[in-house]
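Okay, structure first, notes after.
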Amino acid sequence: MVDPIGHDPVRDVADDSGDTPDREERAARQLIMTLADKPEPTALSEKDTANDLSVPLPGKDARAPRREVEVVSPSRALVPQEIGAPRVGPGERLVRMAYAAGIRGRLITSPLSTPAKRRMLATVTPPLEGERAAGMALRAGHFLVHGVKLPIAQLEFGPGTRQQTPLIERYVHSYGWLRDLAGSGARPQVEATALRIHRMWLDAHPLPGKGPAWDIEASARRVLAWLVHAPLILSNKAVRGRTLLALDKTTRWLDAQVTKAPDKQAEVFGWGALVAAGLLLPEGKPRRLYAEAGLARALGEFVGEDGGVQSRSPIAQMEMLELLTELAACYRAMKMDPPKFVGAVTELIVPPLLAVVHGEGGLGNWQGAGAVSSDRIGELVKASGVRTRPLKEPRGWGYHRASAGKTILQFDAAPPPVAKYARSGCASTLAFELSAQGQRIIVNCGGAAWAGGQVPARIEQGLRATAAHSTLVLEDVNSTAILIKGKLGDGVGEVEVDRRTVGGKRGGATRLEASHDGYASRFGLTHRRVLMLREDGTELVGEDVLLPASKRGKRGKVGYAIRFHLGVGISARLSEDRKGAGLALPDGSHWQFRVAGEYTGTLSIEDSLFVDAQGRPQPIQQLVLQGMTPRSGGSFAWLFKKMG
């Protein structure tokens, strides 16, 4: 049911522009006539027509016209070609072109009419549930961000004030807390808290400006939160007018800034917020048409052909699914069907996400992610409406999954994300995770993306290192260089993968073999790892091989360490010959680890940590095989086997 919200007398008289309406309308009509004979620029056009749309408009923005949607040729698009900008008729093509050129929506659709009142055109039914614990903390007077409590009364919202960690700033300024608050009780129970925090934020940010609040992605998430949870912040008449004015100013600011986003994920959120604003705010059709084309193009670049996002981050994969699910709810609120690309990308995203889910339903710790809980994953997938199986044949996503009985193996068999996509990029190539009967046995440390909460910011780079993952390391050097601000440098450029099902006297097995060149330039060695998971899930055989990267092997020796980080609560004890270890799991089961052959290195048990679903670092242990190997190469075979 369409339910108008927020009939407010505040009109467009508070416009930033100093132009008179008559002058602006004449310019708009003239530009529309000029554009009438030009072809429409779309997200999948083969010719960039941005230069044709550079006619300046009067006013202070005349020297900086809005950029056109960047063109992506069919050969560059990463998702199937049916996921393109929605097809529109000649009239709507003209509207999209005019809005892209900088003409406001009212001047395109009804240039002679008076400005419409600022209001919400419909009430959205929120499709996603927030974290109840975080919402209850807000009602008690605290922000709760990954376990860190921050009193609301002590928080300074404005730019130039005392800074919190980036993790907390993103949560506060993007209004991620509004979903959590909405999920903690009925509207009458949470409304007062929402208005209290919202007033404080509006007081600190009367206009778009600089600082963490005006990061493009934070602004876009904030707009979407305001639109989806509008009843919580529009119930008070005085706050309603200020909020609608802030929405107007922020969306117009996003119109101009979205193509300047620092990375593709931020751009996707920017376009998504503009689509939602075009749906739910008056005179928004031109903005919606323009933003739908931009969103289709940005998704085509950020989502790979197998459905995995280019950052290879399970957290980013979840966030894309959340965005598309909320956008679909905005269309439903307006009794409109979402464009086909929204549903197509949603269906494409879910299988890769399920590929990195363990037996208990939580996420694996990959590319900065912590072990996101099964409840959150299950609720998100259910809200998306997609029913499917985990991805079987990953390409760019790179995470191979093998399932045998109730044992699940996850294997990172792809290069790390390139720098322009990485946010918490990790040097995790050829690492694996193993779980059985819902118990994680071998893990990665994870949690780099949550640094600044309970995870100390000072260890963020350490959590991204190769040594924080269950794989081989040479001389404590990362297989791919770890840079600041989540970026990655030189290292793994190519990964070769072979997957097959093999048979044997003891039954079949899934065999995964992959190699990477991350150590070739520095040590002259290529790392190859072979994993074989027995079909009944009781045995994982592995071999790490170091091979000369060129025909002329280098002389000397190099130090190596093969690390196996153990799951929370697992107790490890070395065998008497120090070539194996017994593992006692919390569920009472036992596994054994053994090194095969005449191993000349040492096996030890060392301390490690694991970041859980609440963002808490948990103490764990790790098995470490280490020693020296000639630069001509070496081979190290090992086995995990369930006992009893």
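The figures that follow rest on heavy atoms only: side chains count, while hydrogens, waters and symmetry mates do not.
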* To do: Verify ring pair (Phe, Tyr, Trp, His ring centres under 6.0 Å) between Trp177 and Tyr175, making sure each step is shown before the conclusion.
  => CA-CA 5 Å; Trp177 53 268; Tyr175 272 62; 4.6 Å; yes
Charged N-O contact under 4.0 Å between [X] and [Y]:
X: Asp412; Y: Arg312; value: yes
X: Glu513; Y: Arg528; value: yes
X: Glu379; Y: Lys382; value: no
X: Glu606; Y: Arg563; value: yes
X: Glu326; Y: Arg179; value: yes
X: Asp263; Y: Arg423; value: yes
X: Asp306; Y: Arg395; value: no

Over 12 non-hydrogen atoms of neighbours within 6.0 angstrom of CZ in Arg522
no
For [Y], does its backbone N or O pair with a side-chain atom of [X] as donor and acceptor, under 3.5 Å?
X: Asn478; Y: Ala481; result: no
X: Arg464; Y: Ala449; result: no
X: Gln367; Y: Cys426; result: yes
X: Asn365; Y: Asn444; result: yes
X: Lys641; Y: Trp591; result: no
X: Thr466; Y: Ala427; result: yes

Could you grab the distance from atom [atom1] of [X] to atom [atom2] of [Y], nearest 0.5 Å is fine?
X: Leu279; Y: Leu327; atom1: CG; atom2: CG; value: 8.0 Å
X: Leu295; Y: Tyr290; atom1: CG; atom2: OH; value: 12.5 Å
X: Gln622; Y: Leu566; atom1: CD; atom2: CG; value: 8.0 Å

Note to self: The test is salt bridge (Lys or Arg N to Asp or Glu O under 4.0 Å); show your working for Arg401 and Glu433 and say whether it passes.
What the structure shows: CA-CA 10 Å; Arg401 174 191 178 94; Glu433 291 197 340; over 6 Å; no
Show your reasoning for whether ring pair (Phe, Tyr, Trp, His ring centres under 6.0 Å) applies to Phe411 and Phe432.
-> CA-CA 4 Å; Phe411 185 36; Phe432 75 95; 7.5 Å; no
From the list Leu391, Leu380, Leu321, side chain to side chain contact (heavy atoms under 4.5 Å, CB included) with Val350 holds only for Leu321
Review point. Taking side chain as C-beta onward, heavy atoms only, is Val545 less than 4.5 Å from Val530?
Key: no
